[in-house]
J.: 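This is the structure I want to talk about, given as structure tokens.
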Amino acid sequence: MKPDTSQWRDPQAYAFVKAAAADVIAWEFLRRNPQYQQDFAASHSAKAMRALRKSWGLQFRSQA
């Protein structure tokens with residue numbers, strides 16, 4: 001997962017942050033973290049995904 005950095009200087013690309021909830025802002029930081037990207041790319045099994053969630057403190061809503 002390589003981030004798109006083509007518009008990082010464009011203020012309009014980040015206008016949503018002014019009204020974003022804390023979890024949205026946290027996700028924006030997390031998804032840009034190179035170590036998280038590496039860990040995510042390596043999580044190919046349910047066990048690895050559980051370890052990823054635990055190590056990064058992630059919780060996911062159920063799909064119900």
Side-chain angles (χ1 to χ4, degrees):
M1 167 172 48
K2 185 167 172 66
D4 176 11
T5 59
S6 64
Q7 298 178 2
W8 73 272
R9 291 181 185 251
D10 180 7
Q12 292 300 340
Y14 296 94
F16 73 94
V17 171
K18 291 180 182 178
D23 60 333
V24 173
I25 295 171
W27 170 243
E28 290 299 318
F29 279 97
L30 180 63
R31 72 185 188 92
R32 290 170 170 81
N33 183 302
Q35 185 61 53
Y36 173 77
Q37 293 172 11
Q38 184 179 13
D39 290 353
F40 182 82
S43 59
H44 299 293
S45 67
K47 183 178 179 180
M49 188 56 77
R50 285 191 298 274
L52 177 79
R53 289 193 315 253
K54 183 176 181 180
S55 70
W56 286 95
L58 303 175
Q59 294 182 348
F60 300 101
R61 295 182 181 139
S62 67
Q63 298 296 319

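Only heavy atoms go into these numbers, but all of them, side chains included; no hydrogens, no water, no symmetry mates.
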J.: Mind checking side-chain hydrogen bond (donor to acceptor under 3.5 Å, both in side chains) for Asp39 and listing every partner two or more places apart, or none if nothing turns up?
T.: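 Result, side-chain hydrogen bond (donor to acceptor under 3.5 Å, both in side chains) vs Asp39: Gln35, Trp56.
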J.: Only counting residues at least two apart or in another chain, list the ones meeting side-chain contact (heavy atoms from CB on, under 4.5 Å) with Ala26.
T.: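 Counting only residues at least two positions away or on another chain, Ala26 forms no side-chain contact (heavy atoms from CB on, under 4.5 Å).
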J.: Does anything in residues 16-28 pair up under salt bridge (Lys or Arg N to Asp or Glu O under 4.0 Å), and if so which pairs, sequence neighbours excluded?
T.: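 Sorted result for residues 16-28: Glu28-Arg31, Glu28-Arg32.
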J.: What pairs with Ser43 under side-chain contact (heavy atoms from CB on, under 4.5 Å), at least two apart in sequence or on another chain?
T.: Phe40, Ala48, Met49, Leu52
J.: For Lys54, which residues count as a side-chain contact (heavy atoms from CB on, under 4.5 Å) partner, sequence neighbours excluded?
T.: none
